[in-house]
Amino acid sequence: PISEVEISFFPGDIISLVLKPLSKTFCTASSNRTASFSKSREYFNPIEKLNIVAIGFEIFLPAISGADPWTGSYKDFIRSLSLFLSSLPPLKDEFPLAKAACTADFGQSGFTKDDSTFNYVSTNSLAAPTIEDPSAYFQTQTYTGNGTAIGSGGKAVTFGGNSDLEPDLVWIKNVDATDSHNVYDSGRGTTKLIETNVADAESTETEGLTTFGSDGFTVGNLEAVNTNTENYVAWAWKESTDSDFDIVTYTGNGSARTISHSVGAVPNVIIVKNRAAGDPWKVYHSEVASDAETDYLILNERNGAQDLNTIWNDTAPTSSVFSVGTHDDVNTNTETYVAYLWSEVEAFSKFGNYTGNGNAAGPFVYCGFKPRFTIIKSAESTESWCLYDSKRPGYNSGTTTGAFSMFADGNGVDRAGTNENIDILSNGFKIKGDNDAINTDGTKYAFMAWAENPFGGSSVSPVTAS
């Protein structure tokens with residue numbers, strides 16, 4: 001029987017071919033034209049792999065045991081695919097050969113590259129990521145409180161990642177009750193509490209977080225971190241130049257100045273809190289504007305980015321220092337501050353922006369990894385800081401509602417918001433909904449994301465979106 005079909009193209013216009021498996025449907029091919037090939041035979045499997053080579057496309061289909069590959073629905077599919085591909089305009093100069101071919105391989109022959117200057121389209125062909133296991137530097141953990149006081153042992157929370165993680169920054173939220181977000185870090189010390197949703201000064205909570213353990217942390221019976229039977233989520237980071245994360249404590253002097261840091265690169269995000277007074281949190285994000293050093297966001301408020309030269313002294317951070325102006329929120333004389341600084345690490349962290357389209361099918365945002373924790377904030381309008389992670393339920397629901405989210409600037413419980421869903425994908429996230437908090441048409445949104453798994457790379461197992 002005939003086992004291969006060749007469809008030829010000629011130079012001129014580029015082809016973009018996407019094959020997507022559907023339920024009881026063999027696939028849908030789409031480019032600047034669309035054709036659907038629907039077959040009800042349940043023995044059909046999804047496309048196993050699609051390789052783009054020097055001469056064009058090779059589409060590998062799973063063989064059917066005991067069946068003639070050129071009969072029935074396979075024959076219909078190849079005919080439909082052939083008609084679709086032949087209807088496309090010619091290839092652009094990106095494919096320099098005079099002729100290209102699309103070959104359907106049913107498993108009867110192995111695939112071999114024809115040109116050594118090209119490679120397989122495979123996540124394994126990507127460069128090895130700097131951090132192969134993100135859980136060594138960041139983890140998200142859910143737990144259920146037991147209400148036990150520290151004197152009786154408290155509640156020990158153990159992380160579940162591939163690597164042990166001794167955290168330096170832990171952010172905890174009760175997802176069942178309207179408790180404040182609790183933040184503890186090793187720079188200020190255990191029991192020292194600040195809250196993202198309020199401007200309050202630092203407090204000492206002896207029943208708060210009391211230990212940064214070798215693979216987790218311990219809390220007492222403070223309601224915000226350990227009420228019996230109530231559920232919590234914790235996001236935790238390890239301070240390291242490998243993950244480009246640093247915690248800096250400093251004392252203000254009231255004069256514009258620079259402050260040293262040990263990130264190891266130019267920070268993309270800086271979050272500052274006055275520990276001694278009820279001043280709002282200040283946030284620097286490199287992607288809120290082309291001159292981001294002139295702007296700031298407020299973590300405990302919904303305002304968009306605002307311009308003020310006394311916050312960052314209108315000076316961009318460098319690989320060794322960041323600047324503060326004379327504003328009380330960042331530099332009151334004799335008052336103490338804490339700053340959290342991150343720089344982007346490929347395949348581990350991403351600090352960028354996207355522009356909303358106002359549609360239920362919102363923008364896709366490429367990160368280079370499957371996000372474990374994502375923060376989204378409108379840079380231009382009065383909207384909350386939306387928090388999503390892949391430990392809590394509802395994401396990838398296929399609808400505009402599903403992903404459970406909370407707001408960094410509010411103390412509300414976890415809930416599935418309306419039209420503010422996201423899909424968490426193997427290489428980024430996709431906005432699913434037109435809620436103004438994440439997807440107003442034409443509005444710029446800043447985001448921060450940390451990885452669960454790299455998208456790929458040499459020696460890294462491929463990651464899925466589920």
Side-chain angles (χ1 to χ4, degrees), residues 138-161 164-239 245 247-249 271-281 299-300 335-340 373 385 387 389 391-392 404 406-415:
F138 171 77
Q139 292 196 38
T140 299
Q141 187 64 45
T142 55
Y143 66 94
T144 301
N146 63 12
T148 302
I150 286 298
S152 299
K155 168 73 178 181
V157 178
T158 302
F159 296 133
D164 288 352
L165 173 67
E166 183 173 351
D168 291 290
L169 170 62
V170 178
W171 177 351
I172 302 171
K173 177 66 178 81
N174 186 337
V175 302
D176 291 337
T178 55
D179 295 323
S180 286
H181 294 256
N182 278 215
V183 176
Y184 301 87
D185 65 73
S186 60
R188 295 177 298 120
T190 58
T191 73
K192 303 301 182 183
L193 167 66
I194 48 179
E195 301 156 292
T196 68
N197 54 292
V198 295
D200 296 358
E202 176 185 284
S203 63
T204 299
E205 301 291 344
T206 57
E207 291 292 335
L209 187 149
T210 62
T211 304
F212 295 104
S214 60
D215 189 27
F217 57 90
T218 300
V219 291
N221 63 1
L222 183 68
E223 289 183 356
V225 296
N226 188 22
T227 298
N228 189 35
T229 74
E230 292 185 351
N231 295 301
Y232 297 82
V233 61
W235 304 290
W237 292 261
K238 179 179 180 62
E239 186 178 21
F245 170 53
I247 301 171
V248 176
T249 57
I271 302 176
V272 174
K273 179 68 182 78
N274 187 340
R275 303 166 56 188
D279 292 331
W281 294 70
L299 186 60
N300 57 287
E335 293 187 350
T336 55
Y337 295 82
V338 63
Y340 307 121
F373 181 40
W385 297 75
L387 312 177
D389 65 63
K391 274 286 193 179
R392 292 176 292 143
F404 277 59
M406 294 179 291
F407 302 137
D409 52 285
N411 64 350
V413 300
D414 210 4
R415 87 283 185 275

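Between the CG atom of Asp414 and the CG atom of Asp176 there is a distance of 8.0 Å, given to the nearest 0.5 Å. The structure places CZ of Phe407 at 13.5 Å from CH2 of Trp385, a figure rounded to the nearest 0.5 Å. Here the OG1 atom belonging to Thr191 is positioned 10.5 Å from the CD atom belonging to Glu207, to the nearest 0.5 angstrom. Of the inter-residue distances, the one linking Thr210 atom OG1 with Lys155 atom NZ reads 13.5 Å to the nearest 0.5 angstrom. Between the CZ atom of Arg392 and the CZ atom of Arg415 there is a distance of 9.5 Å, given to the nearest 0.5 Å. Here the straight-line distance linking atom CD of Glu205 with atom CG of Leu193 works out to 5.5 Å at 0.5 Å rounding.
Pairing each heavy atom of Gly208 with each of Val225, the nearest pair is CA-CG2, 4.2 Å. Pairing each heavy atom of Phe217 with each of Ala234, the nearest pair is CZ-CB, 3.7 Å. In plain terms, the two heavy atoms of Ala236 and Val170 that are nearest each other are CB-CG2, 4.2 Å. The shortest heavy-atom contact between Asn221 and Ala149 is ND2-CB, 3.5 Å. Closest approach of Leu209 to Ile172, counting heavy atoms only: CD1-CD1, 4.5 Å. Annotation for Asn174 and Glu230: closest pair ND2-OE1, 2.7 Å, computed over non-hydrogen atoms.
Relative orientation of the Phe245 and Tyr340 rings is tilted, given thresholds of 30° and 60° on the angle between their planes. Between Trp235 and Phe373, the angle of the ring planes stays under 30°, which puts this pair in the parallel group of the 30/60° scheme.
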When you look at Val219 and Asn182, which way does the side-chain contact (heavy atoms from CB on, under 4.5 Å) test go after all the steps?
CA-CA 11 Å; Val219 291; Asn182 278 215; over 6 Å; no

Could you check Ile194 against Asp200 for side-chain contact (heavy atoms from CB on, under 4.5 Å), going step by step and ending with a plain yes or no?
CA-CA 7 Å; Ile194 48 179; Asp200 296 358; over 6 Å; no

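Using a 3.5 Å distance cut-off with no hydrogens or angles, the side chains of Lys192 and Thr204 do pair a donor with an acceptor. For the residue pair Asp215 and Thr158, no side-chain donor N or O sits within less than 3.5 Å of a side-chain acceptor on the partner.
Annotation: side chain of Asn231 is not in contact with side chain of Thr142 (no heavy-atom distance under 4.5 Å). No side-chain heavy atom of Tyr232 sits less than 4.5 Å from a side-chain heavy atom of Val157. In this structure the side chain of Val233 never reaches within 4.5 angstrom of the side chain of Gln141, judged on heavy atoms. Looking at heavy atoms from C-beta onward, Asp164 lies out of side-chain contact with Ser214 at the 4.5 angstrom threshold. With contacts defined as side-chain heavy-atom distances shorter than 4.5 Å, the pair Trp171/Leu387 qualifies. The shortest side-chain heavy-atom distance between Thr211 and Thr190 does not fall under the 4.5 Å cut-off. The closest side-chain heavy-atom distance from Val272 to Val248 is not below 4.5 Å.
Of the possible polar contacts, none joining the Lys173 side chain to the Val413 backbone as a donor-acceptor pair under 3.5 Å is found. Side-chain N or O atoms of Gln139 include one that pairs as donor or acceptor with a backbone N or O of Gly161 at under 3.5 Å. Here the side chain of Glu239 pairs a donor or acceptor atom with the backbone of Ile247 at under 3.5 angstrom. Formation of a donor-acceptor pair under 3.5 Å by the Asn411 side chain with backbone atoms of Asp179 is not found in this model. Formation of a donor-acceptor pair under 3.5 Å by the His181 side chain with backbone atoms of Gly410 is found in this model. A donor-acceptor pair is defined here as one N or O able to donate and one able to accept, closer than 3.5 Å; no such pair exists between the side chain of Thr249 and the backbone of Gly187.
No more than 12 heavy atoms of other residues, nucleotides or ligands lie within 6.0 Å of CD in Glu223, so this atom counts as exposed by the packing criterion.
Judged as a salt bridge (charged side-chain N to carboxylate O under 4.0 Å, His left out), and not counting sequence neighbours, the contacts of Glu202 are Arg188, Arg275.
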